[in-house]
Amino acid sequence: MNESYPYDPDLHENGTPAAQGECSYHGDDTPERGTCAGEAVVSFEDSDGRWQAGCSAALEQLVESGAIAPLGQGA
Ligand SMILES: [Zn+2]
């Protein structure tokens, strides 16, 4: 399980959607992930160790699936 952090644009590569405050979890063509809630609220590392930004819907799904720790409960 990866840690999660309150969304922080500084964690994301300049010029990427995540750095602009956009959700990168729903960024690709991923209908199985449901509807994007829009604004990024969480920053997390994916299984490849890349920083991603997630909206509130992404946060909920990722925590539920055990991919990331709930916000504020990291080590
Ligand atoms: Zn989203």
Side-chain angles (χ1 to χ4, degrees):
M1 182 185 289
N2 288 322
E3 284 185 51
S4 61
Y5 303 86
Y7 173 70
D8 182 352
D10 291 341
L11 291 171
H12 302 283
E13 211 174 307
N14 270 341
T16 61
Q20 318 292 321
E22 289 172 26
C23 172
S24 59
Y25 179 77
H26 289 109
D28 301 322
D29 186 21
T30 51
E32 74 279 8
R33 293 181 176 178
T35 306
C36 187
E39 196 185 340
V41 297
V42 61
S43 296
F44 62 96
E45 282 182 282
D46 66 16
S47 47
D48 296 324
R50 306 173 70 140
W51 283 100
Q52 305 283 351
C55 62
S56 55
L59 174 60
E60 205 170 297
Q61 285 179 30
L62 287 160
V63 169
E64 222 165 79
S65 70
I68 62 171
L71 271 185
Q73 292 179 33

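Counting convention: from 1, in listed order, for ligands and their atoms alike. Computed from heavy atoms alone, side chains included, the values below leave out hydrogens, waters and symmetry copies.
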Are there any protein N/O/S atoms under 2.8 Å from the Zn ion (ligand 1), and if so, which? Cys23 SG, His26 ND1, Cys36 SG, Cys55 SG
Do Asp46 and Gln52 have side-chain atoms, one donor and one acceptor, less than 3.5 Å apart? yes
Tyr25 versus Cys55: any side-chain heavy-atom pair under 4.5 Å? no
Ala40 to Cys23 - nearest heavy-atom pair and separation: CB-N, 4.4 Å
What do you reckon, is CD of Glu39 surrounded by more than 12 foreign heavy atoms closer than 6.0 Å? no
Looking at residues at least two apart in the chain, or sitting in another chain, which of them share a side chain to side chain contact (heavy atoms under 4.5 Å, CB included) with Thr30? Asp28, Glu32, Arg33
Determine whether more than 12 heavy atoms belonging to other residues, nucleotides or ligands lie under 6.0 Å from atom CD of Gln61. yes
